[in-house]
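I have placed the structure first, in the form of structure tokens, so that the comments after it can refer back to it.
Chain naming here is simple, since letters A, B, ... match the order of the sequence lines and numbering starts at 1 in each.
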Amino acid sequence: MKRDQINIGVYICHCGMNISPKVDVEAVAEFAEGLAHVRIARDYKFMCSSPGQEFIIDDIRQYGLNRIVVASCSPRMHEATFRNACETAGINRHYFQMANIREQAAWVTLDTKEATAKAMDLVAAAVARVTYHRPLESREVKVNKSILVIGGGIAGMQAAISSGNAGYQVYLIEREPSIGGHMAKFDKTFPTLDCAACIMTPKMVEVGQHESIRLFTYSEVVSVEGFVGNYSVRILKKPRFIDESKCNGCGICMEKCPIKKIPSEFNENLSFRTAIYSPFPQAVPNTPVIDPDHCRILAENKPCGACEKFCEAGAIDFNQQPEHMDITVGSIIIATGFKAFDPEPLVQYGYGIYPEVYTSLEFERLNNATGPTGGSILMKGGDFPKRVAIIHCVGSRDAQYREYCSRVCCMYSMKFAHLVREKTGAEVWEFYIDVRSPGKLYEEFYNRVQKEGVHMIRGRVAEVTDILDDPENSEDKGRLTVVAENTLTRRMLRIPVDMVILSVGLEPAEGAGDVGRMIGVSSDGNGWFTELHAKLAPVSTVIKGVFLAGCCQGPKDIPDTVAQAMGASGEAVALLSKGTVMTRAEISFIDPDLCAGCQTCVEVCVYNAIDFDEGRGIATVNELLCQGCGSCAVACPSSAASIKHFTNRQVMEELEAILI
Amino acid sequence: MNDQFEPQIIALVCNWCTYTAADLAGTSRLSYPSNVRLVRLMCTGMIDAKYIIKAFLDGADGVVIGGCHPGDCHYINGNLKATKRIYGVGKIMEQFGFEPDRLRLKWIGASEGLEFQKNMAEFIETIKQLGPSPVKSRMIL
Amino acid sequence: MRYGFFPGCAYKTAAGYRESVEALNRALAIQLVEIPDWNCCGATAVFSINSSVALVLSGRLLALADLHGFDEIITVCNACYTTLRKAIHMMEHHPELITEINKHLKTETLQLKRLLPVRHYLDVLANDIPEMRWRKVKQSKSDSDLRVAAYYGCQLTRPWKDQGQPERPDVLEQFLERLGVTVIEHSAKTLCCGASHMIPYAKDCAPLVSRIIREVRKKNGNIIATICPMCQFNLDAGQGRLNIPGTPIAFFTQIVGLALGIDSKDLGIDKLLVPMYKISDNKE
């Protein structure tokens, strides 16, 4: 660098009466004039005002200044203002440094002399630093104005609808044959007891018919590459063995299929489906799929073809193959949802041992008008239960399984209690650790359920057993006994019941981890996706352009899920609406001549912004992903990595000028 | 002599939390001794051990590093990376005869102007107790 | 196979436990060598009153076993098992306790240097004996009409989880089935037998015993296999107060002995209070 060409202009601001009486601004200007490379130093009443800025611009032009230092307020206040002035005058906006003599000297120092001395130090530091500033540029990159939504539950559906309504092309990917997710399985929703299907099906239809939403059901994302604005996504479309363009959804194929005894996944295995099936009547799309593991032709290569014979549309196609589709999107919304905790390891609750022990999802189906019993709460033998126990926190708040509270179980348990009371009049015993009902109308619902005569017992259930205390009592014949301590009365309880519902907690969906790895979004110890900031960026992720909606980020109820989905959509739309994204200027740079290819930087980068170039054996920075945190620069053992505008030289010069 | 000793303190602070706290101390007119000079960095995670050593070699009597509270880092976990590094630097300094108290790491959040003021005043007091940095006497040679 | 053996206080007086364990040792060439000068494990009682004393009791045993060159300690009692297991767990997580224990052991010139693993005799039989040896020993196909209910009691499986499923274990069933014994599934496997409360609160403990026996009979079992002297005693002697048909309570080692074709006299079966012939009595 040719030092003799550096011409620095230093401007000391009075900030009205804020800086000047405390700091002797004339003295500081005089001091600055004596510093190396300083061509001119002045003081002025308000540097940030238009005449103040004009002052700088004129000086740059008149004296050929190529570095500017303004000693005034915090750079958080006016750095951008003065950088713009530099740019207006024709020098790079990074040839500028600010000395914060207001917040750090004038306002916090009691003694005038001391304040002036400190201001001089800060000006000297800024002058030393700006000497080594380099011109930096940001680049504008065009974005693809489309959005990928992964997961077609209520979160993904809402995110797709909101984004589609904003006019963006949306690709919604769902791995099941229909969209709808868990909510489609519910009967009522707490605390208002809205019928889930009544509020859900219109949304499903809206997704199916939306002109901006392209729906891929029975499909999975297999790879994601690229960066904000330009993600290349590969989708695997599993064969339905039915031509979607021909099928009219009449359903005759399902009627005629001879394989009828396959446990229905949608009904939680409480009823059967055929080999060609649609998971539920309101499925979107209303095109069935053939289950290749059970179809006589596909699984056993035996003659059948009943569906083919009766399909008037000629939609059956046994030769359909998996298909790959490639799309490009600007932003991704992950909405992979949850799976219900499997209570089988908790053998003390007898799930899988006693037929009348149900998980909450099973009970949802049992209680659902489209479920196996048509909505009657019946035991396996066909009778109504007379006494029902509901056990909270199964798998949740348990150091042996999931330590966290699953947030929805208390409320849905109380919904169950209400429905059991309403539909069967049975006695209901709820066993809880603490009742958690924070939410609009939630506590009121809790009170209502208590008034309806539900027994609320504070105590974790020890076991569910078929051992009865009084086997001679004919009323208890065939019942299960729930053993628990009522911790409020400190009494052991042994309650004979007909039916037990395990309020199982929520876990990340199967395969969520794979999606995370594909995209580069990290998860917490439990597998929930990590948001960028717990409070201030709850839908963003460390990967720019990738957002989270719904339970994939943590257990949530429906209102929170919908709100987050709308938030994620809003963020995605905000990002894409401008059409371009700017790259940052103050980011990492890896000197290819110094890089030894050790990949330490690749490891420390939390943004996956550093790639290893196998061909050249060096690390390279993705300028769209890099946030400029500097982790790589510090970690680099060969000093190849540095952060532009925060180079070692710049910082060291600043330090030296202060101290020596 | 020590009565008049006014230490030179360098504060290496992150842009998002502690620098902002210092601004807040300013706007709230919370005065503190003028010995401390702030150097703004984007994150404590970008503080190279070299900066700390350089500051001491150039005559700083104390170096305080200020960043976001754990979990609040603007860059996810830069502050945690800094914790480990600064612990290491402290250990090295000790071996060269520096009092470990001359190097301090503090989490001061953006809203903690008062904390900033208190911490700076307290740190300066600590350094005054310790006296001039051992580098200084050697530099006279 | 040579093991350091910690018999505990109830082993030698229990109804046929010693006889049957020794018979099996002879048949299967297992060397259980009694740890010289062993002491009381303290059971649950000492731990609940003064855990540092309890730790010294366990620590002394471990030090003795190590001193005499054993690599493992074998117990035949659930209480011994869980007490030692608990002590080791605490020492592993708080190594400073070992220093404390050693201060006390010093008076005997003993020193606790390492924490030996503690195992139950059931574990040894189920996992250490090669299949070949079982086959060689097993004389004939047992023609018994025993339908065995395995009963674990409270202290073997919980909270350790190292004997399979802690709440509804099945290691004993699996082991017995390997030997051709008919076992039944039931829900009383880990219920409380009353333990030491049986002496002061016999009346309150009666329903506990009754619950277990009834459950076994309901699920069509005709004999209970226990793995703990206390359980055996409570269930066997406790039936005297109950107005239900007697169900024999045997040690699992006795059942194993019968399955191998060992003479019942050598297994001490005649010492059971509810006699074995009751099974055929109740058959009708």
Side-chain angles (χ1 to χ4, degrees), chain A residues 18 73-77 98 100-111 113-119 121-122 125 129 522 530 532-537 542 586 588 604-607 627-636 639 642-643 645-646 648 651-652 654-660, chain B residues 6 8-12 14-16 19-20 22-61 63 71-79 81-82 85 110 113 116-117 120 139:
Chain A
N18 280 305
C73 52
S74 169
R76 300 169 49 82
M77 187 97 179
M98 225 165 156
N100 183 354
I101 61 167
R102 189 178 73 175
E103 279 85 345
Q104 286 179 24
W107 278 352
V108 293
T109 314
L110 297 173
D111 182 81
K113 270 194 189 141
E114 282 182 22
T116 305
K118 187 170 182 180
D121 269 4
L122 294 174
R129 192 184 204 281
S522 54
T530 311
L532 182 61
H533 191 283
K535 289 127 201 158
L536 299 178
V542 296
E586 297 167 15
S588 169
V604 297
C605 181
V606 289
Y607 302 102
Q627 306 288 307
C629 73
S631 294
C632 54
V634 183
C636 179
S639 296
S642 60
I643 297 295
H645 209 62
F646 285 90
N648 280 341
V651 177
M652 301 281 236
E654 188 176 349
L655 278 169
E656 199 170 307
I658 294 171
L659 288 163
I660 297 176
Chain B
E6 285 300 334
Q8 280 189 296
I9 310 287
I10 292 289
L12 301 169
C14 88
N15 178 59
W16 306 99
Y19 193 89
T20 313
D23 276 357
L24 183 61
T27 45
S28 321
R29 308 300 196 278
L30 302 169
S31 60
Y32 50 91
S34 72
N35 312 53
V36 58
R37 305 281 183 269
L38 265 66
V39 173
R40 181 172 74 113
L41 294 143
M42 295 313 285
C43 178
T44 48
M46 67 159 59
I47 296 174
D48 202 305
K50 286 196 282 277
Y51 302 166
I52 301 165
I53 293 165
K54 166 87 176 164
F56 280 118
L57 289 179
D58 283 353
D61 299 293
V63 173
D72 287 350
C73 178
H74 188 78
Y75 303 102
I76 301 166
N77 58 12
N79 51 356
K81 292 172 187 154
R85 188 167 302 117
F116 181 84
Q117 177 203 32
M120 291 307 131
M139 285 205 336

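Comparing Thr20(B), Asp72(B), Asn77(B) by how many heavy-atom pairs each has under 4.5 Å with chain A, the most go to Thr20(B). Contact tally against chain B (heavy-atom pairs below 4.5 Å) for Val606(A), Asn18(A), Leu536(A), Ile643(A): the top residue is Val606(A). Per-residue counts of heavy-atom pairs under 4.5 Å with chain B were compared for Leu655(A), Val542(A), Thr109(A); the largest is that of Leu655(A). Contact tally against chain B (heavy-atom pairs below 4.5 Å) for Gln104(A), Glu654(A), Gln627(A): the top residue is Gln104(A).
At a 4.5 Å heavy-atom cutoff, Thr44(B) makes no contact with chain A through either its backbone or its side chain. Using a 4.5 Å cut-off between heavy atoms, Ile658(A) touches chain B through backbone and side chain atoms alike. Neither the backbone nor the side chain of Asp111(A) comes within less than 4.5 Å of any heavy atom in chain B. Contacts between Ser522(A) and chain B at a heavy-atom distance below 4.5 Å are absent for every atom of the residue. Contacts of Asn15(B) with chain A are made by both backbone and side-chain atoms, with heavy-atom separations under 4.5 Å. Interface residue Leu30(B): only backbone heavy atoms are found under 4.5 Å from chain A. Within the 4.5 angstrom heavy-atom criterion, only backbone atoms of Ile47(B) (N, CA, C, O) approach chain A. With a 4.5 Å cut-off on non-hydrogen atoms, Glu656(A) touches chain B through its backbone and its side chain both.
Two residues are said to be in side-chain contact when any heavy atoms from C-beta on lie closer than 4.5 Å; Asp23(B) and Arg76(A) meet this criterion. Side-chain contact between Met42(B) and Tyr19(B): absent, with no pair of heavy atoms (C-beta onward) separated by less than 4.5 Å. A 4.5 Å side-chain heavy-atom check between Val36(B) and Lys118(A) finds at least one atom pair inside the cut-off. Considering only heavy atoms from C-beta on, Arg85(B) stays 4.5 Å or farther from Ile52(B) through its side chain. Contact check for Cys73(B) versus Lys81(B): no side-chain heavy atoms found under the 4.5 Å cut-off. With a 4.5 Å cut-off on side-chain heavy atoms, Tyr75(B) and Cys14(B) do not count as touching. Contact check for Pro75(A) versus Asn100(A): side-chain heavy atoms found under the 4.5 Å cut-off. Phe116(B) has its side chain out of reach of Leu24(B): every pair of non-hydrogen atoms, C-beta onward, lies at least 4.5 Å apart.
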